[in-house]
Amino acid sequence: MSERTAEPPKTVLLRRGEVHSPADPFATAMVVEAGQVAWVGSEGAADAFADGVDEVLDLDGALVTPAFTDAHVHTTSTGLAMTGLDLSDAPSLEAALARVRDFAAARPDDRVLLGHGWDAARWPGGRPPTRAELDTATGGRPLYLSRIDVHSAVVTSALIDLVPGLGPVDGPLTADAHHAVRRAAFAAVTPAQRAEAQRAALAHAASLGIGTVHECGGPEISSEDDFTDLLRLAATVPGPRVVGYWAEQNVDKARELGALGAAGDLFVDGALGSHTACLHQPYADADHTGTAYLDADAVAAHVVACTEAGLQAGFHAIGDAAVTAVVEGVRAAAEKVGLARVRAARHRVEHAEMLTPQTVAAFAELGLIASVQPAFDALWGGEDGMYADRLGAERARTLNPYAALLRAGVPLAFGSDSPVTPLDPWGTVRAAAFHRTPEHRVSVRAAFTAHTRGGWRAIGRDDAGVLVPGAPADYAVWHTGELVVQAPDDRVARWSTDPRSGTPGLPDLTPGRDLPVCLRTVVGGRTVFVRPGE
């Protein structure tokens, strides 16, 4: 985890607001000292602290919550998507090609053109751009254009020429070919461009009340320099904390790079949208079962190595066959090094979309953290969504079963997988609470916890992500509407404002209502974002 060496944080009294704290459900004030929460309580009691602080912040009724943790981010790619070509809302192939032409014309000095977000499944005709069409649109320049799930890409001939031995290929590239062109594209990004992108992404995260991001790097995703430069930047520039995971089966390398674990996007399979998630049964719209990168034996060996080294292991697993391989591998590792040691390590599974009752139970048994992205369901779920196209409606309805995971006692950590889906913490909480499959919905409170305290627990910290005395002073201040408490007998449809519940209120996230607006973000007692005008 990055640590800053700036001036000591101020002692601050926040008052006349609503403080979301289990220490006092009716708290309206809070004192922060030495980078920690020192006290939470009522407005009347706050007067005793007023003369002993460096600053008094009048909240004027605003809500104070723990800062969010985004448990799965690709920071540089997020920044490059912000400064590069965004096709996530392109309505058709023709519109996408027009945007490519305009982007290439507007950036004549870029060594490589970078874009992201196309989704042919949402276009009339369902066809991605061909290499010839992209060659014409770019005037023959190198272009890397990743699909929205970042597990395939279309590229130009000029970029293929930069990859020795790849040969002439057409159509979306997947697996090793995709990894090769992505490495070539990102290698052409200058250090200055990379730093600009990282700064932009972290600043954007701070503006959304995100205090910590889990960076998921690896040799097939970015580069060692990208990873270490990001950790160094986060350690010296005010902004969100960055916790690094390096996805390589090399424990020594992960430790050398400053990673908390040899984890993150260590691929067991690919993604559903690209037909590379590994399934037990064939896709509904393709005559194969996807791609397997690691088997249970490889998983077991990695978990043993990480457990013995005192590091977290973690895997990207989306398809049901991939999740089964992870479960079988972790169970085999537990038989070798002991179940207690495996559980204590809090190994992670990223995405974990296609679960069964058996694999959910295994997650609980083995102490696995489910690092999941509710926005995936909001984007791809439902009877007419990509999940149903790829799997059929019956299998699609089983995906992302958050309620079942919580009932089984599986710890959840919410993230975005940005730039796959945007950094959007309140939108993520809403997506989990209003899951497209009703039986998978969780309460707003549970979803909020998974996106705050859950991210800290996923890195082995049980003392953070909550505003209680002694916890890190990572918090956000919000302009929001009326606070509500969900009735215990109906997690979604009915709401209560009865103060007798003794439960801190949260914003009403019913679809159609405005999401809260971040006014200020503080990390370790240091302000890293203030909305202009505040």
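Basis for what follows: all heavy atoms, side chains included, without hydrogens, waters or symmetry-related copies. When a residue number appears, it is its place in the shown sequence, counting from 1.
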A.B. asks: As an exercise, state the distance from NE2 of His351 to CD1 of Ile318, rounded to the nearest 0.5 Å.
C.D. replies: 5.0 Å
A.B. asks: Start with the C-alpha distance between Thr69 and Val213, add both sets of side-chain angles, then the distance that settles side-chain contact (heavy atoms from CB on, under 4.5 Å), and finish with yes or no.
C.D. replies: CA-CA 6 Å; Thr69 293; Val213 299; over 6 Å; no
A.B. asks: Are more than 12 heavy atoms, taken from residues, nucleotides or ligands other than Glu383, located less than 6.0 Å from that residue's CD atom?
C.D. replies: no
A.B. asks: Taking Arg331 first and then Glu328, would you say they form a salt bridge - that is, a charged N and a carboxylate O separated by under 4.0 Å?
C.D. replies: no
A.B. asks: Less than 4.0 Å between a side-chain N and a carboxylate O, is that true for Arg441 and Glu439?
C.D. replies: no
A.B. asks: Distance check, rounded to the nearest 0.5 Å: Leu173 atom CG versus Ser146 atom OG?
C.D. replies: 12.0 Å
A.B. asks: Find the distance between CH2 (Trp380) and CG (Leu272) and round it off to the nearest 0.5 Å.
C.D. replies: 8.5 Å
A.B. asks: So Glu220 and Arg182, salt bridge (Lys or Arg N to Asp or Glu O under 4.0 Å) or not? Walk me through it.
C.D. replies: CA-CA 8 Å; Glu220 296 178 344; Arg182 179 164 56 188; over 6 Å; no
A.B. asks: Assert yes or no for the condition that the ring centre distance of Tyr293 to His316 is strictly below 6.0 Å.
C.D. replies: no
A.B. asks: I'd like to know whether the aromatic ring centres of Phe68 and His451 sit less than 6.0 Å apart in this structure.
C.D. replies: yes
A.B. asks: Before accepting this row, confirm whether a basic side-chain N of the pair Arg346/Asp462 lies closer than 4.0 Å to the acidic partner's carboxylate O.
C.D. replies: yes
A.B. asks: Is Glu365 salt-bridged to Arg343, cutoff N-O under 4.0 Å?
C.D. replies: no
A.B. asks: Working to the nearest 0.5 angstrom, can you tell me the gap between Thr398 OG1 and Leu355 CG?
C.D. replies: 8.5 Å
